[in-house]
Amino acid sequence: MVGTALKLVLCALVFARGLHRRLPLFSLYVVLVVVDDLALRWTYHQFGYTSPAAKYEYWSSLGVVIVARALAVAELCWRGLRHSPAVWLIARRVLAFLAFAMLVYAVVAAAKNSSPVITFLLTVERSLDFGIAVILVALLRLGLRYEVWLGGIERKVVLGFSVFSTFQIVNNTFMKQWMMKYFSWWVSASVVSFEVAMLIWMTPLLRPLPSMKPPPTLFSEEESVSVLKQALERMRRIAEEMKRVARSKWK
């Protein structure tokens with residue numbers, strides 16, 4: 001019940017603080033997490049924890065939540081890189097390649113297993129967790145080199161995702177051989193890590209969000225025009241000097 005209460009509070013804060021207008025895909029992810037939790041609890045109550053309906057609900061909703069989480073992370077990348085079009089163009093291609101590689105790897109793993117759907121979803125989830133960790137490091141490096149711009153709430157969302165994904169990677173690594181035997185423990189550990197992530201997301205939402213400040217501009221429009229003119233003038237002088245040197249050489 002603690003997890004459900006945290007999800008409801010987080011969802012309420014997201015819309016109360018207007019975060020849905022700032023991060024719509026992340027807000028959609030939070031809504032889907034709440035819907036998934038309530039639907040799963042209702043299914044357990046009506047049909048039992050080990051029923052086929054509960055199994056179908058758990059794995060189908062996991063697929064939807066995985067897609068929503070991937071879109072939310074892509075949204076954070078776009079918000080951080082949208083003011084650097086050249087960098088975003090490269091990052092977008094890298095993200096597309098990672099998504100394609102992740103799906104191919106999951107399909108191959110599922111084809112070799114007796115439970116292809118479950119294997120596919122678990123493989124996708126593990127690949128996504130690893131991808132989020134890599135993307136976080138990449139955003140930090142880009143932030144230092146290209147002045148990637150993220151607001152305070154966006155940084156908290158990235159931190160929450162990274163904490164959850166990192167814990168999932170560790171959890172899956174150590175529990176891979178015994179996951180089916182200790183499946184309930186694996187799920188419980190995953191739930192606790194997600195609750196930690198939700199607390200990280202809720203912290204900045206406890207007070208009104210500060211207004212978005214525009215990213216720092218390196219030059220004003222007038223300064224940019226002046227620098228461009230100076231550069232063109234220097235290029236013209238260099239070209240004239242090269243012509244003069246060439247003429248004197250052949251005399």
Side-chain angles (χ1 to χ4, degrees), residues 1 3-15 19-20 23-78 95-96 98-111 113 115-133 135 157-158 160-165 167-169 171-172 179 183-184 186-198 201-202:
M1 292 301 294
T4 302
L6 286 175
K7 292 172 185 176
L8 291 172
V9 172
L10 174 62
C11 187
L13 288 173
V14 164
F15 287 91
L19 186 60
H20 61 285
L23 294 174
L25 293 181
F26 172 73
S27 303
L28 175 63
Y29 168 72
V30 173
V31 171
L32 290 176
V33 166
V34 173
V35 173
D36 169 46
D37 186 275
L38 297 178
L40 198 59
R41 287 185 176 277
W42 181 85
T43 304
Y44 288 162
H45 178 74
Q46 293 292 325
F47 302 99
Y49 182 79
T50 59
S51 65
K55 181 179 179 181
Y56 176 80
E57 167 63 25
Y58 177 85
W59 293 110
S60 60
S61 61
L62 177 62
V64 174
V65 171
I66 287 175
V67 173
R69 183 152 62 105
L71 292 175
V73 173
E75 179 182 49
L76 290 169
C77 294
W78 174 78
L95 291 175
L98 288 176
F100 178 76
M102 177 183 68
L103 290 176
V104 171
Y105 174 68
V107 169
V108 172
N113 197 280
S115 301
V117 176
I118 295 177
T119 303
F120 176 80
L121 290 174
L122 289 177
T123 305
V124 169
E125 186 178 34
R126 285 194 287 265
S127 301
L128 179 61
D129 289 326
F130 179 76
I132 290 175
I135 290 169
V157 174
V158 169
F161 273 131
S162 64
V163 168
F164 177 61
S165 295
F167 191 91
Q168 285 288 86
I169 292 172
N171 192 27
N172 290 328
M179 187 173 63
F183 185 73
S184 59
W186 179 81
V187 173
S188 298
S190 177
V191 168
V192 170
S193 63
F194 188 70
E195 290 175 354
V196 173
M198 286 193 293
W201 295 334
M202 289 170 58

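We count residues from 1, following the sequence as given.
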Inspect the surroundings of CZ in Phe15 and state if more than 12 heavy atoms from other residues, nucleotides or ligands are less than 6.0 Å away.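 Yes, enclosed.
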Less than 4.5 Å apart, any side-chain heavy atom of Val163 and any of Ser193?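 Answer no - side chains too far apart.
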Are Glu75 and Pro24 side-chain neighbours, meaning at least one heavy-atom pair lies under 4.5 Å?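 Yes, their side chains come closer than 4.5 Å.
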Show the numbers, then the answer: is there a side-chain contact (heavy atoms from CB on, under 4.5 Å) between Arg69 and Asp129? CA-CA 10 Å; Arg69 183 152 62 105; Asp129 289 326; 2.9 Å; yes
Tell me, with the steps shown, if Trp201 and Val14 meet side-chain contact (heavy atoms from CB on, under 4.5 Å). CA-CA 9 Å; Trp201 295 334; Val14 164; over 6 Å; no
Take Leu10 and Leu6, measure what side-chain contact (heavy atoms from CB on, under 4.5 Å) needs, and give me the verdict at the end. CA-CA 6 Å; Leu10 174 62; Leu6 286 175; over 6 Å; no
How many angstroms lie between [atom1] in [X] and [atom2] in [Y], if you round to the nearest 0.5 Å?
{"X": "Glu195", "Y": "Phe164", "atom1": "CD", "atom2": "CZ", "answer": "10.5 Å"}
{"X": "Leu13", "Y": "Leu19", "atom1": "CG", "atom2": "CG", "answer": "10.0 Å"}
{"X": "Leu71", "Y": "Ile66", "atom1": "CG", "atom2": "CD1", "answer": "12.0 Å"}
{"X": "Asp37", "Y": "Arg41", "atom1": "CG", "atom2": "CZ", "answer": "5.0 Å"}

Tell me if the aromatic rings of Phe161 and Tyr29 count as close, with their centers under 6.0 Å from one another.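 Phe161 vs Tyr29: aromatic centres under 6.0 Å.
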Mind running ring pair (Phe, Tyr, Trp, His ring centres under 6.0 Å) on Tyr44 and Tyr58 for me, showing each step along the way? CA-CA 10 Å; Tyr44 288 162; Tyr58 177 85; 7.9 Å; no
Does Lys7 come within less than 4.0 Å of Asp36, counting only side-chain N to carboxylate O?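 Salt bridge: no.
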